[in-house]
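Below: one structure, written as structure tokens.
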Amino acid sequence: MSRQPRYDVLFEPVKIGPVTAPNRFYAVPHASGMTNAMPRMRAGFRGMKAEGGWGVVCTGYVSVHPTADDSPLPYATLWDENDIRSHAMMTEAVHRHGSLAGIELWHGGGSVSNKTSRLPPLSPSGLSWMPTHVGFMGNQRSKAMDRRDIRDLLRWQAEAAHKAKSAGFDIVYVYAGMGYLPYEFLLPEWNRRTDAYGGAVANRVRLVRELIDVTKDAIGDTCAVALRISLEELRGRASERCASEAHEVVELLADAPDLWDVKMDSSPTDCAPSRFTPEGSHEPIIDFVKKITAKPVVGVGRFTSPDAMVSQIKRGVLDLIGGARPSIADPFLPRKIDEGREQDIRECIGCNICISSWHDGVPVRCTQNPTAGEEWRRDWHPERVAAAGGDATVLVVGGGPAGLECALTLARRGYQVSLAEAAEAFGGRLRFETTLPGLNGWGRVLDWRLGQLRRLGNVTLYAGNELSVDDILGLEHRRVVIATGARWTRMLYSDLELPVGLAEGANVFTPDDVAAGARIDGPIVLFDFDNYYMGGALAQRLAQSGARVTYVTPAGHASAWTIMTNEQPQVHRALAQAGVDLHTLSRLKGFGDGAATIANLFTGEERRLPCRSLVIVGARTARDELYRALVARSEEAAAAGIVSVDRIGDSLVPGAIVHAVYGGHRFARELDLPPGLPIYRRDAPVVDVDPLSYLNGLEESLP
Ligand code: ADP
Ligand code: SF4
């Protein structure tokens with residue numbers, strides 16, 4: 001197949017200062033959770049995007065100096081020779097495929113606490129960026145930068161730019177976004193300086209301009225210098241000279257960088273979840289930039305459709321199509337468009353599990369792409385799988401995310417696969433969950449896999465087939481994989497977090513009951529200690545259907561874990577809009593006689609809430625009866641020619657969809673591996689140069 005002519009524009013080269021991007025696909029800087037302690041994993045992850053056709057592939061944020069220490073979050077460094085060698089692995093991996101490598105040099109300013117380096121954080125006026133992410137907060141605030149600090153910062157940027165060039169980077173960033181140091185200079189709330197760096201907009205942009213200038217002086221002859229800037233807040237501010245302060249800033253710096261990389265200001269708006277924000281949400285903020293500057297502009301919008309991308313170019317919004325999440329979910333997105341295989345694109349679902357990995361401080365995970373982060377350490381390629389290690393036929397029981405992914409990967413490997421699903425439609429938990437408010441887009445997990453499975457000749461799909469042990473024994477498959485999911489329970493926990501037994505009663509429900517269409521009469525109390533999306537989304541849906549709903553949780557927020565996926569602030573907004581009453585820090589004490597009793601976690605103060613139906617969104621347990629029954633009849637199974645019976649996904653360990661997809665994929669990859677192999681390769685930092693030799697240089701550069 002060949003490329004559709006209407007997408008040709010996406011494959012035009014774009015000149016960026018002294019370098020040229022081979023096409024318009026630009027994998028923008030984004031966190032990967034891979035620090036300099038994991039240079040080979042990082043190179044494998046970024047290099048895969050280049051192999052998949054992204055013309056530019058960038059790092060995540062890379063600290064220029066120990067005063068920018070974001071620990072415990074997983075940030076990268078470019079402080080010394082070992083760091084140069086560490087990053088050089090990535091640039092080599094990217095260049096191997098003809099792409100450009102970009103590096104996002106970063107100083108966190110007053111947003112970091114320097115928990116490891118223990119140096120004073122720096123900021124324009126001694127006012128720190130107060131993280132609302134409570135778990136990340138430090139209690140060390142920042143020092144107001146004096147002129148010497150500013151000179152030092154400019155020197156650190158220039159030195160880091162030299163190192164970046166030595167490491168082989170083609171595009172070097174100045175990063176003035178998302179609460180970090182240069183951004184703090186742009187906003188008068190943080191920047192209360194009365195010198196040449198504070199006051200009027202022209203003064204507030206001075207530091208950014210100087211950072212660009214020193215970077216250009218350092219490496220601008222051979223490397224492009226990009227400015228990454230957040231424009232959301234500035235766009236909302238009136239300017240005497242221009243349409244907004246954002247316009248004024250862009251006008252003042254119009255030709256300073258070789259490339260504008262434009263974005264939003266906070267993680268929940270920049271990396272917005274699909275549950276609350278549609279694709280292309282940055283456009284109303286950044287649409288003006290190209291009208292002011294003649295330099296190329298890159299921006300993002302969770303674009304996965306080539307038509308939407310072409311529209312951005314044709315309408316003069318962007319020159320380069322930035323992708324962070326779409327490039328994680330499908331590193332081969334550009335290649336697939338180039339080869340006329342748009343239907344094969346594994347579209348990002350906007351669940352933000354990837355961003356939760358960064359918040360967790362671990363290598364990136366992706367719901368749609370189980371190979372993300374595993375390119376080097378497990379040698380998993382997103383588009384290639386090893387041929388089947390035998391001619392076994394495999395029966396996969398259960399067509400949820402785990403079963404679908406497992407069946408697909410086994411079939412891609414060449415196994416003869418049957419996938420049986422009890423329900424009339426495939427999808428497992430997705431069948432119900434995609435009907436919850438905002439979660440329709442998650443259906444891509446099912447749609448992509450089913451679409452791929454239907455095109456393979458060696459798969460038979462049986463929907464509407466609830467299999468028993470006898471059925472399985474009679475089906476003549478060599479291997480059986482159970483993917484029968486999990487169920488929600490009515491289990492309650494004590495104040496000491498001990499599981500204390502099930503909530504009894506006719507009007508006690510779980511999400512499974514709601515999914516099955518049970519009548520849930522109001523007033524409803526929904527008690528959520530699962531803390532991910534289900535409780536909040538279900539409360540929203542029940543309230544929207546007209547019932548009076550009270551949401552109760554022992555956590556401090558509704559859907560507390562969704563802080564990790566950037567959804568949490570909007571969960572509260574959605575619950576308020578739906579008219580849901582909220583009781584946090586509360587435990588359920590009892591239910592009966594038309595009321596539920598809850599108690600404050602700390603004071604024990606009790607409160608009675610009107611309640612005809614109690615919905616418990618708490619613990620899940622594996623639906624593994626079929627597995628256990630089969631294992632109990634293993635002699636009969638062996639006699640029937642079955643050589644293995646295994647469990648995957650929620651029927652093995654209940655988890656989020658990302659875990660089920662990953663579990664299904666891993667099982668299919670490893671089905672025929674010999675036992676005893678190492679689980680995966682362990683990465684290690686580059687230490688070619690004795691760390692002690694840095695001591696003198698480091699001491700000199702300390703403030
Ligand atoms: P996971 O997330 O692990 O994929 P799900 O709960 O999403 O789990 O999906 C499990 C699927 O297994 C459900 O669609 C369910 O209908 C199906 N299932 C459960 N038991 C059987 C069975 N005996 N035969 C066929 N399908 C089954
Ligand atoms: Fe997209 Fe979710 Fe994958 Fe992130 S984890 S890239 S949001 S599908």
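Quick caveat: nothing in here was measured; it's all calculated off a predicted structure. In listed order, ligands and their atoms are each counted from 1.
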Under 30°, 30 to 60°, or over 60°: which ring-plane class applies to [X] and [Y], parallel, tilted or perpendicular?
{"X": "W380", "Y": "Y662", "answer": "tilted"}
{"X": "Y75", "Y": "W106", "answer": "tilted"}
{"X": "Y533", "Y": "W442", "answer": "perpendicular"}

Below a 4.0 angstrom heavy-atom separation, can you tell me which part of A660, side chain or backbone, both or neither, approaches ligand 1? side chain
Side chain, backbone, both or neither: which applies to L626 and ligand 1 if a contact is any heavy-atom pair less than 4.0 Å apart?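 It is the side chain that touches ligand 1; the backbone stays farther off.
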Do H381 side-chain atoms and E383 backbone N/O form a donor-acceptor pair below 3.5 Å? yes
Mark yes or no for whether S634, through its side chain, and A637, through its backbone, hold a donor-acceptor pair below 3.5 Å.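 No.
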Listed protein N/O/S atoms, distance to atom 3 (Fe) of ligand 2 under 2.8 Å: C366 SG
List the closest protein heavy-atom neighbour of atom 15 (C) of ligand 1: residue, atom name, distance to the nearest 0.1 Å.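 I find the closest protein heavy atom is E421 OE2, 3.4 Å.
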Where is the nearest protein heavy atom to atom 21 (C) of ligand 1: which residue, which atom, and how far?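 Looking only at protein heavy atoms, the one closest to atom 21 (C) of ligand 1 is T484 CG2, 3.6 Å.
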Enumerated ligand 1 atoms positioned under 4.0 Å from heavy atoms of [X]:
{"X": "D650", "answer": "1 (P), 2 (O), 3 (O), 8 (O)"}
{"X": "V397", "answer": "22 (C), 24 (N), 25 (C)"}
{"X": "R431", "answer": "14 (O), 16 (O)"}
{"X": "E466", "answer": "23 (N), 24 (N)"}
{"X": "N465", "answer": "24 (N), 25 (C)"}
{"X": "G649", "answer": "3 (O)"}
{"X": "A483", "answer": "10 (C), 11 (C), 12 (O)"}

Cation over ring, R444 on W448, under 6.0 Å and within 45°?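 Because its charged atom misses either the 6.0 Å distance or the 45° angle limit, R444 does not stack over W448.
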In terms of side-chain geometry, is the basic nitrogen of [X] or [Y] positioned less than 4.0 Å from the acidic oxygen of its partner?
{"X": "E405", "Y": "R666", "answer": "no"}
{"X": "R346", "Y": "D447", "answer": "no"}
{"X": "E342", "Y": "K336", "answer": "no"}

For [X], is at least one N or O under 3.5 Å away from an N or O on ligand 1?
{"X": "R623", "value": "no"}
{"X": "I648", "value": "no"}
{"X": "L467", "value": "yes"}

R633: which of V645, L473, I642 passes side chain to side chain contact (heavy atoms under 4.5 Å, CB included):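 Result for side chain to side chain contact (heavy atoms under 4.5 Å, CB included) with R633: L473.
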Going through the distances and angles, do F45 and H30 end up as a ring-ring contact (aromatic ring centres under 6.0 Å, His included)? CA-CA 12 Å; F45 173 66; H30 72 78; 5.8 Å; yes
Which atom pairs, donor and acceptor, lie under 3.5 Å between side-chain atoms of residues 646-656 and protein residues at least two apart or in another chain?
{"from": "R647", "atom 1": "NH1", "to": "D624", "atom 2": "OD2", "distance (Å)": "3.3"}
{"from": "R647", "atom 1": "NH1", "to": "S651", "atom 2": "O", "distance (Å)": "3.4"}
{"from": "D650", "atom 1": "OD1", "to": "G655", "atom 2": "N", "distance (Å)": "2.8"}
{"from": "D650", "atom 1": "OD2", "to": "R429", "atom 2": "NH1", "distance (Å)": "3.3"}
{"from": "D650", "atom 1": "OD2", "to": "R620", "atom 2": "NH2", "distance (Å)": "3.2"}
{"from": "S651", "atom 1": "OG", "to": "I482", "atom 2": "O", "distance (Å)": "3.2"}
{"from": "S651", "atom 1": "OG", "to": "I648", "atom 2": "O", "distance (Å)": "2.9"}

When you measure from atom 4 (O) of ligand 1 to each heavy atom in S651, G655, A402, which option holds the nearest one?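 Closest candidate by heavy-atom distance is A402.
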Within the 3.5 Å criterion, strictly below it, is a donor on D70 or Y61 matched to an acceptor on the partner's side chain?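 There is such a pair between these side chains.
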Here the atoms of ligand 2 under 4.0 Å from any heavy atom belonging to G350 are 1 (Fe), 7 (S)
